[in-house]
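Here is the structure we will look at.
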Amino acid sequence: MQMPFCSKLWDWSPAPAPPENHTAIHGTVVVSCHFGLSVPGKTTTLSLYSSTQIDYNTSKGRLSAEAPLRGGKKTKHGPGKTSTMTYQVTFFVDAEFGTPGAVVVKNGLKNDQFFLRHVHLELAEDRGIHFECNSWVYPYKKASDRVFFINTCYLPDKTPEALRLLREEELRSLRGSGRGERKDWERVYDFDYYNDLGNPDKEDHARPVLGGSSTHPYPRRCRTGRPLFKTDGMTETRKHLINLDFYIPPDERFSPTKLAEVLTLAVQAVTHFVVPEAKALFQGSINNFRSFEQLRKDMYMKPPQPAVEGVVMDRLKSSVPSHKTFKQVSKMVKDTPVKFPIPQVIEYDQEAWRTDEEFAREMLAGLNPVVIKRLEVFPPVGTGGKPSTITAAHIEGQLEGLTVQKAMLQKRLYILDHHDYLMPYLRRINTLGVCIYASRTLLFLKDDGTLKPVVIELSLPGDGMDGDGEISRIFLPASQGMDLHLWQLAKAHVSVNDSGYHQLISHWLFTHATVEPFIIATKRQLSVMHPIHKLLDPHFKDNMQINTLARSILLSAGGILERTMYPGKYAMEMSSAIYADWRFTEQSLPNDLIKRGMASMDTGGVVSLHIKDYPYAVDGLEVWGAIEGWVRSYCTHFYHSDAAVAGDGELQAWWDDVRRVGHGDRQGDGRCWLELDTVAHLVETLTTLIWTASALHAAVNFGQYGYAGFMPNRPTRCRRFVPLPGSPEMAQLEADPEKFFLEMVPDRFTTTLGLALIEVLSNHTSDEVYLGQRPTAAWTDDGEVLQLMDRFREELRRVERRVEERNRDPGLKNRRGPARVPYTLLFPDVGNVGGKEKGITGKGIPNSVSI
């Protein structure tokens, strides 16, 4: 039963006078109340722990008497002016109580939790103490009383003695016991394998457990403790196909605002999906688009009918956690006109995506600019030592008079390589009704700074019994006739490879999945008073909730990813094989660029790019530099020596948890991790983590609709191989190249489903908190740290100005390309506060993997 707000329930009278020899400490308590959230009852009380005076009976700070809440006034708080309720509270403490260091909140409601934003105390001489809470408080009969610490950071050995035991107890409670099924109200962070993706009781839905073995290594996820299937005794059960209530610790859940917005986006996306499908069924064209013109007309020009929204909303009602949320989603859906917007890649020129220049440019400034490498061996050689079938004769006529060796010496040959990791899976993948090659694409850096593709090799496993043979075909650029049609088909197959790698590896594995173990370890080992916890916490917002939804809806057996991406049921298994070579040290942007041969580092430590107009790298290095400067200044503010880093017990326990448990399958690789024994190593480690959660995720996520929203530009699977000379398929291609292309790429159903998904993923919600921002100005009481944050913000604004300048420079052709899409994915957007600009913006770096 939700506790409604009623003024008659509250005491509006002034606080009573303090007893003799006692002092009154007055405070305000702010609770979220939007979307019908519960508010505290009269039986909710607060008490204070002293940070300076110890009760030697408990070895903790002295504890005040419980104090009830008074008043209750509707207010607005935060950049987004969220609806809140503000209460008064008065504590009576004796003269020897000292300075408060923690507040205890006891929720007296019978069933309902409330969301506590902050508590602020007014002390004598105009001093104030702030407790930034932003947390759910559950009834004390379900969960223990909540303790919130003062906004001051303390390294473990600097913790006031009165708070030391409270600090240790809080961390122990967050680690849990590792046993039992987690309940909604429990705040427990523990690790588990990815054993919740399959269903061994359903035909063809069994999936391997990922993590905990050399066969299938993987990062860990948050443990839920759900019962296992009796069939295999390894896979976790689930109540529903789509679960919005998988356990995650309460503080990791979406805010009510974000939950309503995400569900609204989902309703719109499903509506988008239903309308074209229903229309196609009515018109008898359920499988394929007849033409590019029909694709554009059906996808982007017809708004959905309200009747369809009603059907979708009826189905949603059974999945939404609360009736209040459902009502809010219903209102937001009605208030928002919905249709698929025109993707940026075809907005200026409907045909630009077909050009070789745009095809190559997107490897530097598109959705997946993190794979292209400099060619250092010719011909390319696979992991088994087998050389490519590409020869010098195939490409030397396209190298502006250079030989292959001279082009390599001048650092002008590059490769998009989707061969080695794919080849072991191709036989199995191609039994799933798709037609997939492994590919290698070689590119030449022209004098004008743009890339041009010079050859594509498409390979299939051979027919030999040893399994080592390959059948490869070579395709060269062409401008007319059948050679042009074959070249366009080959480019489409390369794009399919790249789309799968992007979504599964660059996006899911290298950002979402690899960050989650850091979150769990941080909550288990670093106190909220620890300065590194406070530094990292904004970069973890919503990640675990998003990952939980992904496992439920996208990544599970029969989920959207298996239905839309070419690896199908082998997708997650293939990502496990790639994770086996993942190294955290290589996720740093400079190290990544150097590893891929895209840059070198000079003796002064300056990173020099070999492609000067590489928008992702140019903008990224500036953002990286800003993050690194902020992290260095922050760390040196708290750690004055290398010995302080090495001697920080909480920090070392955190790093041990990350390496030995969270990423335990990679602990045997000595090059995977730095030792946290110096300030410099700490700075590089934290910069890499923050870069991954913020800028790297922004670069590979928020351009999805702009580029992949037009399916022919980024198809996710192929249904036909490139036809062989003299075959009936070659005759079909010759008779109608457009029809053949559309019969080769995803069908209507897969296209519409994929489009609905990436529309949701490309959106910024109104509670987005961007790099250089914090949810509140009171996130720390350290004035020097606030000044350091101001400098960081100013540096990001300078980055923004330089991005805008580069995008205006006509000499930097890769900044826009033939499609005229400016590169803004690493534009920080520091001034976008409180959701001022939301939706599909194609810019802005959120602090965290937030969608």
Side-chain angles (χ1 to χ4, degrees), residues 153-159 164 167-168 171 175 189 191 219-220 514-537 539-540 581-595 601 603-607 624-694 696 782 784-785 788 792:
C153 288
Y154 297 107
L155 291 173
D157 63 348
K158 299 290 194 299
T159 308
R164 193 178 298 274
R167 178 174 182 147
E168 294 169 0
L171 284 174
R175 293 176 198 135
Y189 294 80
F191 297 101
R220 304 298 189 261
T514 56
V515 169
E516 183 164 350
F518 287 91
I519 302 174
I520 300 170
T522 299
K523 300 304 174 78
R524 286 166 56 85
Q525 304 296 350
L526 295 178
S527 165
V528 292
M529 289 191 285
H530 198 291
I532 302 306
H533 184 126
K534 197 169 284 286
L535 172 71
L536 292 177
D537 191 58
H539 303 288
F540 297 155
D581 296 319
W582 175 87
R583 286 177 174 151
F584 180 72
T585 50
E586 293 173 354
Q587 307 313 301
S588 121
L589 178 61
N591 289 350
D592 169 61
L593 293 170
I594 291 166
K595 179 192 174 188
M601 186 175 288
T603 53
V606 176
V607 177
W624 169 274
I627 295 172
E628 186 181 42
W630 153 242
V631 172
R632 182 184 298 107
S633 63
Y634 185 93
C635 288
T636 53
H637 178 68
F638 291 98
Y639 294 99
H640 302 143
S641 68
D642 293 340
V645 172
D648 183 337
E650 284 187 13
L651 186 70
Q652 296 303 324
W654 170 75
W655 198 226
D656 194 64
D657 233 9
V658 168
R659 293 183 299 171
R660 298 184 187 278
V661 189
H663 283 284
D665 298 336
R666 299 296 298 125
Q667 63 179 312
D669 184 349
R671 294 170 61 193
C672 190
W673 310 99
L674 293 173
E675 292 296 329
L676 280 196
D677 52 4
T678 65
V679 175
H681 281 182
L682 177 62
V683 169
E684 183 169 350
T685 296
L686 297 177
T687 303
T688 300
L689 178 56
I690 292 171
W691 162 264
T692 302
S694 59
L696 177 59
D782 189 323
E784 188 171 336
V785 168
L788 295 176
F792 177 40

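These figures come from a predicted structure and were not determined experimentally.
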Side chain to side chain donor-acceptor pair (under 3.5 Å) test vs Gln525 passes for just one of His530, Arg175, Glu650, namely Arg175

- prompt: Step by step, would you call Thr522 with Tyr189 a side chain to side chain contact (heavy atoms under 4.5 Å, CB included)?
  reply: CA-CA 9 Å; Thr522 299; Tyr189 294 80; over 6 Å; no

Closest non-hydrogen contact found for Gln652 with Val645 is NE2-O, 3.0 Å

inquiry  = I'd like to check Pro156 versus Arg167 (side-chain heavy atoms, cut-off strictly below 4.5 Å). Are they in contact?
reply    = yes

Closest non-hydrogen atoms of Val658 and Phe518, given as atom of the first, atom of the second and distance, are CG1-CE2, 3.6 Å

dist Leu696:CG -> Leu689:CG (nearest 0.5 Å) comes out at 11.5 Å

For Arg671 and Asp669, the nearest pair of non-hydrogen atoms, with its separation, is N-OD1, 2.9 Å

For this session: Test side chain to side chain contact (heavy atoms under 4.5 Å, CB included) on Thr159 and Ser527 and set out the steps.
Result: CA-CA 11 Å; Thr159 308; Ser527 165; over 6 Å; no

To the nearest 0.5 Å, atom CD1 of Ile594 lies from atom CG of Leu589 at 9.5 Å

Residues at least two apart in sequence or cross-chain that pass ring-ring contact (aromatic ring centres under 6.0 Å, His included) with Phe540, listed by chain then number, are none

Open item on the list: Between Trp582 and Arg666, is there a side-chain heavy-atom distance shorter than 4.5 Å?
Closed with: yes

Taken to the nearest 0.5 Å, the spacing of Ser588 OG from Lys595 NZ works out to 11.5 Å

For Ile690, does its backbone N or O pair with a side-chain atom of His539 as donor and acceptor, under 3.5 Å? no

### Task
Kindly determine whether Arg583 and Asn591 satisfy side chain to side chain contact (heavy atoms under 4.5 Å, CB included), including the steps that lead there.
CA-CA 11 Å; Arg583 286 177 174 151; Asn591 289 350; over 6 Å; no

**Prompt:** How about Trp624 and Leu593: do any of their side-chain heavy atoms sit closer than 4.5 Å?
**Reply:** no

| message | Can you classify the ring geometry of Phe584 versus Trp673 as parallel (below 30°), tilted (30 to 60°) or perpendicular (above 60°)? | response | parallel

Between Pro531 and Tyr154, the two heavy atoms sitting closest are CD-O, 3.7 Å

> Are any non-hydrogen side-chain atoms of His637 and Asp782 less than 4.5 angstrom apart?
Replying inline: yes

key: Side-chain heavy atoms of Leu535 within contact of Trp630, under 4.5 Å   = yes

Residues passing the salt bridge (Lys or Arg N to Asp or Glu O under 4.0 Å) test with Asp592, sequence neighbours excluded, are Arg596

Heavy-atom closest pair (Val607 atom, Met601 atom, distance to 0.1 Å) is CG2-CE, 3.8 Å

Quiz item: Are side-chain heavy atoms of Cys635 and Leu686 found at a separation under 4.5 Å?
Solution: yes

Here the pair of heavy atoms bringing Thr685 nearest to Trp655 is CG2-CH2, 3.5 Å

Run the side chain to side chain contact (heavy atoms under 4.5 Å, CB included) check on Glu684 and Leu674 step by step: do they pass?
-> CA-CA 9 Å; Glu684 183 169 350; Leu674 293 173; 3.9 Å; yes

For Arg660, the salt bridge (Lys or Arg N to Asp or Glu O under 4.0 Å) test, sequence neighbours excluded, returns Asp656

In this structure, CG of Leu682 is separated from OG1 of Thr687 (nearest 0.5 Å) by 8.5 Å

- Item | Sub-4.5 Å side-chain heavy-atom contact between Asp648 and Phe638 | no

>> In the structure I gave you, are the side-chain heavy atoms of Trp654 and His533 within less than 4.5 Å of one another anywhere?
In response: no

Please report the C-alpha distance between Arg164 and Glu168 in whole Å, then the side-chain angles of each, then the deciding distance to 0.1 Å, and finally whether the salt bridge (Lys or Arg N to Asp or Glu O under 4.0 Å) criterion is met.
CA-CA 6 Å; Arg164 193 178 298 274; Glu168 294 169 0; 5.7 Å; no

